[in-house]
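Beneath this line is the structure, given in structure tokens, with notes to follow.
Ligands are counted one by one from 1 in listed order, and the atoms in each one are counted from 1 as well.
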Amino acid sequence: MYKLILADADDTLFDFSATEHFAVERTFTGMDAGIPQEELIAEYHRINKILWKEVEIGTMDTKRIRSERFRRLFVKLNLRHSAIEYGERYIGYLSEGTTLLDGAEELCRMWSARCPLVIVTNGIADVQRTRIEHSTIRNFISGIIISEEVGKSKPDARMFEAALKCVNHTDKQSVLMVGDSLTSDILGGINFGIDTCWYNPKSLPNTLNAKPTYQVKTLSELLGII
Ligand SMILES: [Mg+2]
């Protein structure tokens with residue numbers, strides 16, 4: 001039925017929580033912040049979450065986010081550390097994160113045997129490329145669309161247009177978008193006019209006014225759809 005699969009990367013195929021946890025810990029280790037590291041990390045996450053929401057609505061871009069999250073953190077905590085230096089240190093650790101979610105490798109192997117698989121991700125270009133290209137799924141991927149390179153982020157239709165274009169696919173009816181985010185992956189796919197599958201492992205409530213075509217709790221359920 002489907003002739004092209006578009007898949008989100010983080011928290012759909014890649015274990016972003018593990019990657020982020022490792023990178024944040026390493027970045028702040030040894031930093032003289034004058035407050036407990038747990039507090040520092042909690043504040044970082046609060047600020048980072050707001051920034052990625054700003055990326056989604058288009059008021060922030062991923063080039064600026066690299067240092068902006070540390071700039072806001074250091075301003076908030078009255079610290080004089082270099083936001084640019086910490087931003088780049090964090091990016092270095094983040095790029096090392098290639099841990100996949102359980103079942104993701106098998107899923108990509110099966111999908112890619114049937115049709116092209118394109119990754120569509122909101123993220124920082126060099127981080128996402130390094131992670132994907134060093135991962136065990138790299139050979140199953142036909143294309144990688146990254147918001148920083150497109151200049152727009154999901155749910156913007158231009159991300160989806162770029163994905164179809166990179167594999168010369170024009171028939172929207174045979175495309176499925178799979179992702180864990182309602183506001184970027186699912187809303188973006190629905191607005192673009194393609195079928196969507198919401199990967200919802202925590203059984204969160206649907207807060208959209210629209211319904212995804214499918215909803216699954218585990219990645220292995222996805223194999224049955226295609
Ligand atoms: Mg995601």
(request) Taking only Lys NZ, Arg NE, NH1 and NH2, and the carboxylate oxygens of Asp or Glu, determine whether Asp61 and Lys63 approach each other closer than 4.0 Å. (result) no
(message) For the Mg ion (ligand 1), which protein N/O/S atoms fall under 2.8 Å? Skip waters.
(response) Asp8 OD2, Asp10 O, Asp180 OD1
(message) Atom CG of residue position Asp102 - does it have more than 12 heavy atoms of other residues, nucleotides or ligands inside 6.0 Å?
(response) no
(message) Whether the Ser174 and His169 side chains hold a donor-acceptor pair (N or O, under 3.5 Å, no angle test) is what I'd like checked.
(response) yes
(message) Please determine whether side-chain hydrogen bond (donor to acceptor under 3.5 Å, both in side chains) holds for the pair Asp10 and Gln128, giving the CA-CA distance in whole Å, both sets of side-chain angles, and the decisive distance to 0.1 Å.
(response) CA-CA 9 Å; Asp10 288 320; Gln128 298 303 68; 3.1 Å; yes
(message) Here's one to test your reading of the geometry: is the NZ or CZ of Arg131 within 45 degrees of the ring axis of Phe14 and under 6.0 Å from its centre?
(response) yes
Could you list the donor-acceptor pairs under 3.5 angstrom formed between side-chain atoms of residues 74-85 and any protein atom two or more places apart in sequence or on another chain?
unit_1: Lys76; atom_1: NZ; unit_2: Glu43; atom_2: OE2; d: 3.0
unit_1: Ser82; atom_1: OG; unit_2: Ile84; atom_2: N; d: 3.4
unit_1: Ser82; atom_1: OG; unit_2: Glu85; atom_2: N; d: 3.0

